[in-house]
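Reminder, nothing fancy here: chain letters follow the sequence lines and each chain counts from 1.
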Amino acid sequence: MSLATTAAATAPAEIRPSDFIRDIVAGHVAENKYPQIHTRFPPEPNGYLHIGHAKSICLNFGIAREFGGICNLRMDDTNPTKEDVEYVDSIQADVNWLISNWADDRLGYKVKGALPAALTTNGQADHFISAAVPRLAPTATLEPFYASDYFAEIYGYAVELIKAGKAFVCDLTPEETDEYRRHAKESPFRHRSVAENLDLFARMRAGEFPDGTRTLRAKIDVASPNIWLRDPLIYRIRHADHHHTGSAWCIYPMYDFAHCLSDYLEGITHSICTLEFEVHRPLYDWILTSLNLPRPLPHQYEFARLSLGYTVMSKRKLMQLVQEGLVTGWDDPRMPTISGLRRRGVTPEALRAFAYNIGITKYNGITDVAVLEHAIREDLNKRAFRRLAVLRPLKVVITNYPAGQVEELNATNNPEAPETGTRPVPFSRELYIEQDDFREVPPPKFFRLKPGGEVRLKYAYIIKCEEVIKDAAGNVIELRCTADLDSKTGGATAGRKVKGTIHWVSAAHAVPAEVRLYDRLFTVPEPDADGDFKTHLNPHSKEVITAQCEPSLASATPESRYQFERLAYFALDQDSAPGKLVFNRTITLKDNWAKEPPKS
RNA sequence: UGCCCGAUGGUGUAACGGUAGCACAGCAGACUCUGAAUCUGCUUGUCAUGGUUCAAAUCCAUGUCGGGCAGCCA
């Protein structure tokens with residue numbers, strides 16, 4: 001391996017990525033603006049994380065890692081009707097998997113059950129919740145942050161706002177609220193007294209009013225060109241149990257109110273989110289500055305979310321695929337979810353390399369899936385064990401090879417990593433080769449086996465096709481071949497050049513395995529461009545076959561990755577059991593032959 | 001419609017007033033006991049029009065196109 005390739009192989013892990021957000025952070029570090037950089041990854045637990053979240057995770061944890069900071073994992077759980085512990089658990093698992101051996105030492109968790117502490121900062125009442133460094137305590141005693149853990153403090157801040165005359169209880173119906181806001185019209189309840197607002201808000205909290213009858217609204221500017229400044233709602237009534245706080249509350253803060261304050265309570269310095277929140281930034285800043293808080297305020301920065309070709313990314317649509325049974329679950333290997341990609345056999349390293357390669361900007365583009373596929377192949381090429389397996393078997397009999405004789409041939413585990421050694425592969429008179437590797441009437445430039453033609457069996461002999469046997473329907477069911485018995489590696493004619501080399505397995509020794517061949521879920525680059533995205537589902541996105549594998553594959557492990565030579569990369573599926581192998585095709589090898597234009 | 005944001009090869013991204021570079025994709029070739037990997041070479045780009053400047057992808061203005069927001073979702 002040359003110096004250049006060594007450097008290239010390790011580059012993504014060593015090179016410091018650069019983008020406009022990191023530039024800002026670097027500037028703050030240079031001017032010593034904060035004692036420590038503190039980011040956060042704040043998913044709502046209302047679905048599984050997808051590759052778009054992976055981009056955000058890599059950004060937020062990457063910044064923490066590169067600038068000696070911390071990144072909190074926070075459940076943004078202010079809407080009890082949509083959230084669930086199932087999602088809390090999956091989010092934790094996915095984040096931990098993605099950042100393992102990379103930024104897990106930057107992961108901000110908190111001591112289990114911890115709530116914000118009341119303290120005095122610069123002579124002023126304040127609240128703060130600090131992050132525990134996970135390495136310092138057993139994971140069982142730590143947990144992610146929850147916005148819902150701050151409901152008491154957030155409620156207190158709302159009361160402060162009311163006292164300052166900056167918030168009021170509004171009795172308008174949802175429809176009226178909409179109508180008034182659209183027409184820049186003041187709510188008739190806007191000028192209620194502080195005392196009345198305080199009383200009403202307390203009674204909202206006490207559960208005196210049904211859902212939807214009253215809200216708490218910030219008093220900002222009903223005529224603002226920015227809709228989010230037209231007296232936005234900051235609290236609504238929801239008589240619903242919450243997955244984390246149970247029945248403690250019947251009023252819940254809106255995102256805009258809860259998010260900036262959660263950032264403040266955790267001491268976040270850089271609150272990074274996607275572009276659609278850009279118009280909310282003035283409100284984010286308004287709330288924090290209106291409250292006269294004693295510690296430095298967090299600031300919001302926005303970047304473009306990921307769009308990937310040939311898939312959909314919204315949680316709503318992914319949820320639909322799951323609920324309508326169009327996939328087997330959130331972790332179906334065809335899903336762009338982190339758990340789906342993991343099950344498919346994609347590694348965290350590949351996902352991180354992908355995130356690095358696509359960069360961070362404010363431009364809304366669609367990333368070519370080929371970029372993802374390249375990152376996956378590059379990673380798997382380095383780590384996958386090479387194995388021989390035949391997906392669609394065609395029987396071959398070597399007529400000049402003695403029946404009953406078995407040879408153990410030496411096969412390289414990984415030519416990219418010679419230190420991984422070799423394993424023995426049995427060879428015998430009856431073999432399977434790939435149906436695609438034989439053509440009775442070969443097209444031009446067909447390098448594989450044809451009547452009267454020769455081909456190299458990988459690690460074994462050069463064989464010549466002498467006879468083609470067909471069934472009554474005319475299908476080729478068996479080939480009779482002769483081998484050049486001196487052409488084995490180390491043999492007299494081992495150096496003979498034949499154009500093609502194909503893979504094979506010994507029929508008597510072959511181990512059957514269920515193999516799930518996955519392809520892209522949709523047939524078009526932008527499934528959600530117009531109409532119903534489900535009409536573009538790829539009917540051939542999953543095919544299940546029984547393959548014949550070399551015996552060493554019987555001891556395949558879930559952690560390992562395999563390349564079935566000349567075919568694709570595979571990973572063991574969780575459905576495997578002792579004596580029952582199930583492989584998922586992670587991604588095919590590049591196939592330039594398949595791209596040859598059809599020639600007559 | 002109002003407000004906000006954006007625009008660099010086919011795609012994604014760099015260049016921070018001074019030689020338009022990288023990656024993916026594509027094409028051609030070398031090598032090959034994987035039609036993979038690896039290696040070599042190549043094609044293709046600053047949305048438009050003005051202005052500022054010795055010098056503009058970069059600054060300004062206008063326009064065009066694209067995206068976002070207008071939930072008691074996040």
Once you round it to whole Å, what is the distance between [atom2] of [N] and [atom1] of [X]?
X         : N       : atom1 : atom2 : answer
Ile376(A) : rC24(B) : CD1   : P     : 15 Å
Leu49(A)  : rA74(B) : CG    : P     : 17 Å
Asp436(A) : rU34(B) : CG    : P     : 18 Å
Tyr363(A) : rA57(B) : OH    : P     : 20 Å
Phe20(A)  : rG12(B) : CZ    : P     : 16 Å
Gln563(A) : rA37(B) : CD    : P     : 10 Å
Glu550(A) : rU34(B) : CD    : P     : 16 Å
His280(A) : rC73(B) : NE2   : P     : 13 Å

With a 4.0 Å cut-off on heavy atoms, is [X] in touch with a base, just the backbone sugar-phosphate, or nothing at all?
X         : result
Arg386(A) : base
Phe277(A) : base
Leu589(A) : base
Lys590(A) : sugar-phosphate
Lys497(A) : sugar-phosphate
Glu44(A)  : sugar-phosphate
Pro415(A) : base
Thr78(A)  : sugar-phosphate
Ile502(A) : nothing
Phe447(A) : base
Ile251(A) : nothing
Asp23(A)  : base
Val371(A) : sugar-phosphate

So that I know where these two stand, are Tyr87(A) and His243(A) an aromatic pair - ring centroids less than 6.0 Å apart?
no
Ring centres under 6.0 angstrom apart (Phe277(A), Tyr284(A)):
no
Tell me which nucleotide, if any, is Watson-Crick or G-U wobble paired with [N] when both distances must be under 3.5 Å.
N       : value
rC22(B) : rG12(B)
rA74(B) : none
rC65(B) : rG6(B)
rU44(B) : none
rA30(B) : rU38(B)
rG17(B) : none
rA55(B) : none

Return the orientation label for the Tyr301(A) and His28(A) ring planes: parallel under 30°, perpendicular over 60°, tilted otherwise.
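Because their plane-to-plane angle lies in the 30° to 60° range, the rings of Tyr301(A) and His28(A) count as tilted.
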Could you list by number each residue of residues 206-223 of chain A showing a heavy-atom separation from RNA chain B of less than 4.0 Å, or answer none if no residue does?
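Result for residues 206-223 of chain A: Gly212(A), Thr215(A), sorted by number.
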Kindly give the heavy-atom pair with the smallest separation between [X] and [Y], and that separation in Å.
X         : Y         : result
Thr81(A)  : Arg238(A) : CG2-NE, 3.6 Å
Val425(A) : Ala411(A) : CG2-CB, 3.7 Å
Arg181(A) : Ile227(A) : CD-O, 4.1 Å

For atom C1', what is the distance between rA36(B) and rA15(B), given to the nearest Å?
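The same atom, C1', in both gives a distance of 35 Å.
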Write down the distance separating the P atoms in rU52(B) and rA14(B), rounded off to the nearest Å.
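About 31 Å, rounded to a whole number of Å.
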With a 4.5 Å limit on heavy-atom distance, are the side chains of Tyr569(A) and Asn381(A) in contact?
yes
The reported gap from CH2 in Trp330(A) to NE2 in His50(A) (rounded to nearest 0.5 angstrom) is 8.5 Å
Taking 4.0 angstrom as the limit, do Glu266(A) and Arg40(A) come out as a salt bridge?
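Salt bridge between Glu266(A) and Arg40(A), a charged N being under 4.0 Å from a carboxylate O: no.
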Within 90° of 0 counts as syn, otherwise anti: where does rG71(B) fall?
syn
Is there a donor and acceptor pair closer than 3.5 Å between the side chain of Asn364(A) and the base of rC5(B)?
no
By a 5.5 angstrom centroid cut-off and a 30 degree plane limit, is there stacking between Tyr255(A) and rA74(B)?
no
Starting from the C-alpha separation in whole Å, work towards a yes-or-no answer on salt bridge (Lys or Arg N to Asp or Glu O under 4.0 Å) for Asp178(A) and Arg182(A).
CA-CA 6 Å; Asp178(A) 243 43; Arg182(A) 246 199 295 278; 3.6 Å; yes
